[in-house]
Protein chains: 2
Amino acid sequence: MGTVTTTSKSEAAYQLVSERITNGAYSPGYRLVLGTIADELGCSVVPVREAIRRLEAEGLVHFTRNVGATVAHVDSTLYLHTMQTLMIIEPAATALAADSMDAAWLARARELNEKMRQCLEDFDPVAFTRMNTEFHQLLYGQCPNPHILDLVQRGWRRLAAMRASSFTHIPYRARESVKEHDALLDLIADHATPAQIEAACREHRAHTLNSYLKAAGMEPSAI
Amino acid sequence: MGTVTTTSKSEAAYQLVSERITNGAYSPGYRLVLGTIADELGCSVVPVREAIRRLEAEGLVHFTRNVGATVAHVDSTLYLHTMQTLMIIEPAATALAADSMDAAWLARARELNEKMRQCLEDFDPVAFTRMNTEFHQLLYGQCPNPHILDLVQRGWRRLAAMRASSFTHIPYRARESVKEHDALLDLIADHATPAQIEAACREHRAHTLNSYLKAAGMEPSAI
DNA sequence: GTACATCAAATCGTATACGATCAGTGTGCG
DNA sequence: CGCACACTGATCGTATACGATTTGATGTAC
């Protein structure tokens with residue numbers, strides 16, 4: 001009501017389902033029945049259908065003609081593929097955003113990383129994950145190329161959906177992560193070239209990926 | 001009736017409009033009216049609407065609520081952004097596909113590139129462009145990561161739509177392109193590492209981009 | 001007991017209909 | 001003469017309705 005922007009029912013349906021998938025209310029495999037969701041939203045099936053198809057395009061739901069939609073299953077392969085995609089795009093996006101990383105930006109990034117460190121002390125993994133996402137958004141968020149930005153955001157959304165299904169809660173390398181963030185910020189503070197930033201960022205992501213592979217008992221090259 | 005595969009009307013609408021955009025029948029700015037397209041297809045507006053929204057998600061169509069859809073305008077910025085995105089993803093996809101580049105593959109690639117060279121002799125730019133697309137598909141097509149593959153294909157689709165609107169028909173550096181293709185194939189034949197392939201591929205794309213920038217009278221860094 | 005054919009319930013796909021919204025146009029007032 | 005406002009036509013957004021398709025269950029023959 002407070003919103004001036006006229007939100008269509010289709011948009012509302014999209015946001016509702018999207019939210020429920022990313023926060024885990026709908027687990028992978030959950031059957032998304034158009035009529036049910038429509039009833040819940042107090043609208044007809046048409047807008048819901050559109051929302052589901054959009055989510056399908058994003059890879060969050062699996063859709064079969066004349067059968068229906070289910071929340072996309074997450075398996076190891078899918079996770080690795082998403083990570084691999086992000087490993088390519090996110091560093092590039094971050095490098096492109098380098099221009100807008102001024103002193104004020106750096107201060108915010110430092111502050112956020114300190115908060116993450118605090119979360120470690122407090123054993124608060126949920127807040128840590130949230131802030132980690134926020135930190136990375138800060139990194140690539142000013143990327144001037146909207147297409148690239150969009151791709152990165154989609155990747156993170158998918159990761160969020162996977163995490164919500166408690167798939168990737170492996171013994172997290174949170175401590176190393178924070179250190180690597182600091183090192184990256186040091187690099188930026190020293191006016192590193194975009195190429196250097198990109199390399200460091202990719203390293204960071206590769207470490208995360210490798211630690212997952214190791215935890216899952218796979219070879220580092222098993223992707 | 002003849003078709004065994006049940007193609008939905010929505011899919012038919014998607015393919016029709018998509019085709020017309022990519023081959024230039026619908027120029028940028030062209031107004032896509034649901035009812036009109038629906039009549040033409042002999043179906044109702046609902047499937048058409050879904051098709052349009054899908055095209056919007058791909059960036060081929062611009063959509064305004066309660067107003068309608070138009071074929072997306074292509075300007076220099078959009079072109080550069082798309083090129084920049086492809087410059088990041090396509091080389092990565094190609095590197096990932098390196099494993100499946102065996103002798104038979106190499107032979108096909110060589111043959112295709114020779115055909116392109118022949119197109120140059122014959123002054124047939126349309127065929128050249130088609131084969132260039134095909135050549136690049138051969139390069140990244142066996143990328144085992146479906147997400148990355150999808151991103152690359154979307155990029156090329158958008159480029160095709162732009163070309164159809166006769167936007168990027170700048171004096172083409174076709175001759176250099178063919179040479180670079182050969183050099184790349186030599187590299188692959190010599191069992192280069194994926195990293196080397198990626199670098200070479202990125203170089204190739206950077207050259208294309210720079211030649212466009214130069215032709216448009218922009219600085220190479222103006223992206 | 002198993003395999004297959006048949007049937008019914010559930011769900012999707014699309015047509016049609018109507019209300020909502022927006023761009024363009026004409027009219028009245030300043 | 002120019003601007004603001006109401007009106008109109010076009011188009012979209014969504015509800016409802018019905019046919020099409022699939023799935024799972026039931027019953028029957030072997």
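When reading the values below, keep in mind they use all heavy atoms of this one structure, side chains included, and skip hydrogens, waters and symmetry mates. So you know, we letter chains A, B, ... as the sequences are listed, proteins then strands, and number each from 1. Just so you know, these numbers come straight off a predicted model, no measurement behind them.
- Between the side chain of B:Asp124 and the backbone N or O of B:Cys119 there is no donor-acceptor pair closer than 3.5 Å.
- Ring geometry for A:His147 versus B:His81: interplanar angle over 60°, hence perpendicular rather than tilted (30 to 60°).
- Atom pair A:Glu11:CD and D:dC12:C1' shows a separation of 16 Å (rounding to whole Å applied).
- Nearest to the side chain of A:Val67, among C:dG13, D:dT23, D:dC12, sits D:dT23.
- A:Gln142 CD: 12 or fewer foreign heavy atoms inside a 6.0 Å radius.
- Counting any heavy atom pair closer than 4.0 Å across all strands shown, A:Leu32 reaches sugar-phosphate atoms only and no base atom.
- For A:Arg157 and A:Ser18, the side-chain atoms include at least one donor-acceptor pair closer than 3.5 Å.
- Scanning for ring pair (Phe, Tyr, Trp, His ring centres under 6.0 Å) contacts around A:Tyr26 gives A:Tyr30, with sequence neighbours left out.
- Across all strands shown, A:Ser10 has heavy atoms under 4.0 Å from sugar-phosphate atoms exclusively, and none from any base.
- B:Leu34 places its CG atom 15 Å from the P atom of C:dT16, with the value rounded to the nearest Å.
- Spacing between atom CZ of B:Arg65 and atom P of C:dT21 amounts to 8 Å, rounded to whole angstrom units.
- Using a 4.0 Å cut-off on heavy atoms, the residues of residues 43-56 of chain A that approach DNA chain D are A:Cys43, A:Ser44, A:Val46, A:Pro47, listed by number.
- Side-chain proximity of A:Lys9 to D:dC12, C:dT14, D:dA15: nearest is D:dA15.
- The aromatic rings of B:His181 and B:His204 sit perpendicular, their planes meeting at an angle over 60°, well past the 30° parallel limit.
- For B:Arg31, whose side chain is taken as the heavy atoms from C-beta onward, the closest listed nucleotide among D:dT11, D:dT22, C:dC22 is D:dT11.
- The separation between A:Asn66 atom CG and C:dC12 atom P is 10 Å, rounded to whole Å.
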